[in-house]
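Just so you know, residue 1 is the first one in the sequence shown, and it goes up from there.
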Amino acid sequence: MSSHQSELLRVLEERGYIHQVTDVEGLDALAASQVVPGYIGFDATAPSLHVGSLVQIMMLRRLQQAGHKPIVVMGGGTTKVGDPSGKDESRKMLTNEDIDANIAGIRKVFERLLTFGDGPTDAVMVNNDEWLSQLGYIELLRDVGPHFTINRMLTFDSVNLRLEREQPLTFLEFNYMILQAYDFRELAQRYGCRLQMGGSDQWGNIVNGMELARRMDGSDLFGLTTPLLTTADGSKMGKTAAGAVWLNEEQLPSYDFWQYWRNVDDRDVGRFLRLFTDLPLDEIARLEALEGAEINSAKTVLANEVTKLVRGADAAALAEKTASETFAGGGAGEDLPTLSVGEEGVRIGAALTALGFTASNGEAKRKLAEGAIKLDGETVTDPGHLVEIAEGAEVKLSLGKKKHAILRR
């Protein structure tokens, strides 16, 4: 059992969200005695976030469930600059209109997962462009600049990565960490925010913000990061053969979203149930103990629960119904052929020919060029596309509307 006195840290620890905390005892005592406003920032580079951001969104949900106040910071200002963390190249410039439209799209998922309003623990969504666009350059240099040394900034992983690979790091992006630090200080002033949470790659940026607020205002702030989230086979969370797993319906149909969770590696089921669902821990322990083919029922529970949270109960029910018709012998899914794929994967053209969907690799190439081939509902046109499947998972390969097969490993 957890030794923490606050429900917040107990829940975060038991469900596997905690990687590093700046002052565990201090944050625990604070969360046990008062409402703690806490924030996570999300840049608005696309009209939807993807599954890679879901652990952060769920952390804000846990914060609210434990009786605290989530602050969702949309990076309308920082999106104009670009976070170099984990990136090899500069981000393309977006217009103000693009950014506003993206924020409107992203808001939808937060409205499902958080309760917004004016109460002490109601979530608020704010745009850091409100204050960042008001900053005068000379004012920023004079007030904030003295608290950052170039020597220290050069030690950050996000900067080092680019320099080591001799990839250009623009002066614009170099400022990102200063602006993120300023955000934390500004949120502490405006909203009484005491906690910033984020992925493990944000640790340096979070600590910067804490130090800036302490030096400028004497504020006592806290930081908490989650472990780097990868799947059991070592791949990045939220990436599939067909592309990113988007949270919004407009970018990815609910059936494909449901299938992503249904097809996770057996070894990830328990961890994902803890992170991405509200199921009680004893129920999760029962589900992750299932073995052999029975683990598939746990994966169906995972798919249903996550889809329910992100897309709504109707979307989850419809996705499960479609899956059972397609895969379990009813309707379109009757006696689907299967092809076993090894650890090294299979080229999509070779898979089509092996299944007898195409007579030759040349015909497979033509069908791909026509856009007639789909992997889990996503069109694939590259004949050299390598289909790699996690152990115990499966994907659906389709030629047109009538030919379907299962590729599994």
Show your working on side chain to side chain contact (heavy atoms under 4.5 Å, CB included) between L212 and N208 and close with a plain yes or no. CA-CA 6 Å; L212 181 67; N208 263 344; over 6 Å; no

Does atom CG of N96 have more than 12 heavy-atom neighbours, drawn from other residues, nucleotides or ligands, at distances under 6.0 Å?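 More than 12 within 6.0 Å, yes.
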
Listed partners of A31 passing side-chain contact (heavy atoms from CB on, under 4.5 Å), at least two apart: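 Result, side-chain contact (heavy atoms from CB on, under 4.5 Å) vs A31: S6, L8, V36, H68.
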
Pairing residues for T149 by the side-chain contact (heavy atoms from CB on, under 4.5 Å) criterion, not counting sequence neighbours: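 Once residues adjacent in sequence are excluded, the partners of T149 under the side-chain contact (heavy atoms from CB on, under 4.5 Å) criterion are N151, R152.
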
I would like to know whether E249 and R311 meet side chain to side chain contact (heavy atoms under 4.5 Å, CB included); could you show each step before the answer? CA-CA 7 Å; E249 172 76 34; R311 300 292 182 85; 3.2 Å; yes

As an exercise, state the distance from [atom1] of [X] to [atom2] of [Y], rounded to the nearest 0.5 Å.
| X | Y | atom1 | atom2 | value |
| --- | --- | --- | --- | --- |
| R194 | D220 | CZ | CG | 5.5 Å |
| L140 | Q134 | CG | CD | 13.5 Å |
| Q56 | L229 | CD | CG | 9.0 Å |
| I348 | K367 | CD1 | NZ | 14.0 Å |
| L30 | L195 | CG | CG | 9.0 Å |
| D23 | L224 | CG | CG | 11.5 Å |

Measure across [X] and [Y] and return the closest heavy-atom pair with its distance rounded to 0.1 Å.
| X | Y | result |
| --- | --- | --- |
| R62 | Y17 | NE-OH, 3.0 Å |
| M74 | A44 | CE-CB, 4.3 Å |
| T277 | M58 | N-CE, 4.2 Å |
| A405 | F357 | CB-CZ, 3.8 Å |
| E7 | Q65 | OE2-O, 4.1 Å |
| I373 | L399 | CD1-CD1, 3.3 Å |

Do [X] and [Y] have side chains that approach each other closer than 4.5 Å (heavy atoms only, starting at C-beta)?
| X | Y | value |
| --- | --- | --- |
| W258 | N304 | yes |
| E211 | V207 | yes |
| I18 | L9 | yes |
| V51 | L247 | yes |
| L187 | V126 | yes |
| W203 | T22 | yes |
| E13 | V21 | no |
| S297 | L290 | yes |

Scan N263, D233, V346, L407 and name whichever one has a side-chain contact (heavy atoms from CB on, under 4.5 Å) with I389.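 Only match with I389 under side-chain contact (heavy atoms from CB on, under 4.5 Å): L407.
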
With a 4.0 Å cut-off on N to O distance, would you call K299 and D266 a salt bridge?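 Counted as a salt bridge, because a side-chain N and a carboxylate O are separated by less than 4.0 Å.
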
Check whether any side-chain N or O of [X] sits under 3.5 Å from a backbone N or O of [Y] as a donor-acceptor pair, and report yes or no.
| X | Y | result |
| --- | --- | --- |
| D376 | D256 | no |
| S235 | T231 | no |
| R408 | V395 | no |

Pair L397-L352, side chain to side chain contact (heavy atoms under 4.5 Å, CB included): steps then yes or no: CA-CA 8 Å; L397 175 65; L352 288 164; 3.9 Å; yes

Partners meeting salt bridge (Lys or Arg N to Asp or Glu O under 4.0 Å) with [X] (sequence neighbours left out):
| X | value |
| --- | --- |
| E250 | K108 |
| R286 | E283 |
| R274 | E288 |
| R61 | D278 |

Filter on ring-ring contact (aromatic ring centres under 6.0 Å, His included), then keep only pairs touching residues 99-123, sequence neighbours left out; what's left?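 Counting only pairs at least two positions apart or across chains, the ring-ring contact (aromatic ring centres under 6.0 Å, His included) contacts touching residues 99-123 are F42-F110.
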
Residue pairs fulfilling ring-ring contact (aromatic ring centres under 6.0 Å, His included) with at least one residue in residues 287-312, sequence neighbours excluded: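 Of all non-adjacent pairs touching residues 287-312, none passes ring-ring contact (aromatic ring centres under 6.0 Å, His included).
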
Sorted by first residue and then second, give each salt bridge (Lys or Arg N to Asp or Glu O under 4.0 Å) pair with at least one member in residues 176-186; sequence neighbours left out.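 Output for this query lists R185-D217, E186-R190.
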
Over 60° means perpendicular and under 30° means parallel, so classify the ring planes of F276 and F272, tilted if in between.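 Perpendicular.
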
Can you name the ring pair (Phe, Tyr, Trp, His ring centres under 6.0 Å) partners of W246, sequence neighbours left out?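 Ring pair (Phe, Tyr, Trp, His ring centres under 6.0 Å) check on W246 returns H50.
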
Decide whether [X] and [Y] meet the rule of one side-chain donor and one side-chain acceptor closer than 3.5 Å.
| X | Y | answer |
| --- | --- | --- |
| N128 | T78 | yes |
| Q196 | Q202 | no |
| T45 | D43 | no |

With R107 via side-chain hydrogen bond (donor to acceptor under 3.5 Å, both in side chains) - residues at least two apart: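 Only E111 meet the side-chain hydrogen bond (donor to acceptor under 3.5 Å, both in side chains) criterion with R107.
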
Set of side-chain hydrogen bond (donor to acceptor under 3.5 Å, both in side chains) partners for D122, sequence neighbours left out: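 Listed in chain order: nothing, the list is empty.
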
Report the C-alpha distance between N102 and L94 in whole Å, list the side-chain angles of each, state the deciding distance to 0.1 Å, and finish with yes or no for side chain to side chain contact (heavy atoms under 4.5 Å, CB included). CA-CA 10 Å; N102 287 346; L94 297 175; 4.0 Å; yes

Would you please test K308 and E305 for salt bridge (charged side-chain N to carboxylate O under 4.0 Å, His left out) and show each step? CA-CA 5 Å; K308 230 184 278 183; E305 291 296 319; 3.3 Å; yes

